[in-house]
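To start, the structure itself, in structure tokens.
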Protein chains: 2
Amino acid sequence: MAVQRRNTHQRQLVLNAVLARNDHPSAEDIYLDVRNIEATISRGTVYRNLNLLEESGLISSVHVPGGNRFDWRLDNHAHAVCTSCGMLVDAPMSYSTQDDCAAEASTGFQIMSHTTVYTGLCPRCQTAQTELDGDSSTCSI
Amino acid sequence: MAVQRRNTHQRQLVLNAVLARNDHPSAEDIYLDVRNIEATISRGTVYRNLNLLEESGLISSVHVPGGNRFDWRLDNHAHAVCTSCGMLVDAPMSYSTQDDCAAEASTGFQIMSHTTVYTGLCPRCQTAQTELDGDSSTCSI
DNA sequence: GTGTTTGCAAACTTTTTGCAAACAC
DNA sequence: GTGTTTGCAAAAAGTTTGCAAACAC
């Protein structure tokens, strides 16, 4: 039997904070946001609620270097992360559940889903980098 | 100018330890392996060398929940990770650099590569799980 | 009233770093 | 000899957890 979940003020604030952001915030980001509304909330509560909300399927998360990042989107979609500043954006690439089945067949794992993370430089860090190194794009247009 | 790299005994041992394993070891795994040969090596040295070897393009790594895992394979390939025990295996799925260019076009990032991680239960944990819950595969055959 | 949740603090895991001594070149 | 690398220890970053008080139902 599933554990009974209660609607606490803090839980609602954490959920609202995730829903209010489009930039894939970290747990710390959410903690800081919620603390502006409820000054006495603790990091522990934020972490616990982020995990519970994800288990409940109300939010999702992406694991990238630097920590877990949260997302109000529930559909499977890819992300791009900047190696320089950590900026994380949605990458509108197609998601195929057939890939999951193919991976299931080839690995013997029972695959639930997959996540694709594109790694590179965000526009701002590209500019900063280009001024030092020159352009090094790998994709011709 | 690039930094001059020296061939130290410890660096060679760390590289050899990665090359010797097929199970995508963690930094701690490598530390323990190398310590069997060079008892006085420190974790700091292992971490530093794993990072340097990756920068040098001699090894690669996969970032998964639980930490960084290392791989002697240098070609881009997908992985499957077990949510229960953390087992990490290669997933022989096709890798398309065209996806990188598509993501570059849609995000504005300068994409270097992408990593795909399939998430699910490894065969062993499936068996353990099925005994409790019954089969819950999502892929029909 | 019962059982979940909170805030706090401590602990934990993984990784990085400052420093003086040791080493590679 | 010069500059990199090492071992050590401390610290950092991110996250989890034990506990008693507070709260939701």
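Below, read A as the first sequence line, B as the second, and so on, with proteins coming before strands; counting in each chain starts at 1. Worth saying up front: this structure is predicted, and the values here are computed from it rather than measured.
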Look through every strand shown and name the nucleotide pairing with D/dA24 as Watson-Crick or G-U wobble, where both distances are under 3.5 Å.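 The base-pairing partner of D/dA24, which may sit in any strand shown, is C/dT2.
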Whom does C/dA10 pair with, Watson-Crick or G-U wobble, provided both distances fall under 3.5 Å?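 Its partner is D/dT16.
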Should [X] be listed as having a side-chain N or O under 4.0 Å from OP1 or OP2 of [N]?
| X | N | value |
| --- | --- | --- |
| B/Y47 | C/dT15 | yes |
| B/N51 | C/dT15 | no |
| B/T45 | D/dG7 | yes |
| B/S26 | C/dT14 | no |

5′-ward residue of the pair B/F70/A/R43 relative to DNA chain C: A/R43
To the nearest Å, how far apart are [X] [atom1] and [N] [atom2]?
| X | N | atom1 | atom2 | value |
| --- | --- | --- | --- | --- |
| B/L53 | D/dT5 | CG | P | 11 Å |
| A/D29 | D/dA13 | CG | C1' | 14 Å |
| A/N49 | D/dC23 | CG | P | 16 Å |

Heavy-atom count check: over 12 atoms from other residues, nucleotides or ligands less than 6.0 Å from B/R124 CZ? no
Taking the minimum atom-to-atom distance to the side chain of [X], which one of [options] wins?
| X | options | value |
| --- | --- | --- |
| B/R11 | D/dT6, C/dG7, D/dT15 | D/dT6 |
| A/Q10 | C/dG7, C/dA24, C/dT16 | C/dG7 |
| A/R48 | C/dT6, C/dC25, D/dG7 | C/dT6 |
| A/S42 | C/dG7, C/dT17, D/dA24 | C/dG7 |

Between A/T116 and B/T116: side-chain donor-acceptor atoms closer than 3.5 Å: yes
Polar side chain donor-acceptor pair, B/H24 to B/D90, under 3.5 angstrom: yes
Do B/N22 and B/W72 have side-chain heavy atoms sitting under 4.5 Å apart? yes
Look at all strands and tell whether A/G44 reaches a base, only sugar-phosphate, or nothing, counting heavy atoms closer than 4.0 Å. base
Once you apply a heavy-atom cut-off of 4.0 Å, does B/T40 come out as touching a base, just sugar-phosphate, or nothing? sugar-phosphate
Take A/T45 and A/Q10 through the test side chain to side chain donor-acceptor pair (under 3.5 Å) and record every step on the way to the result. CA-CA 8 Å; A/T45 298; A/Q10 289 88 341; over 6 Å; no
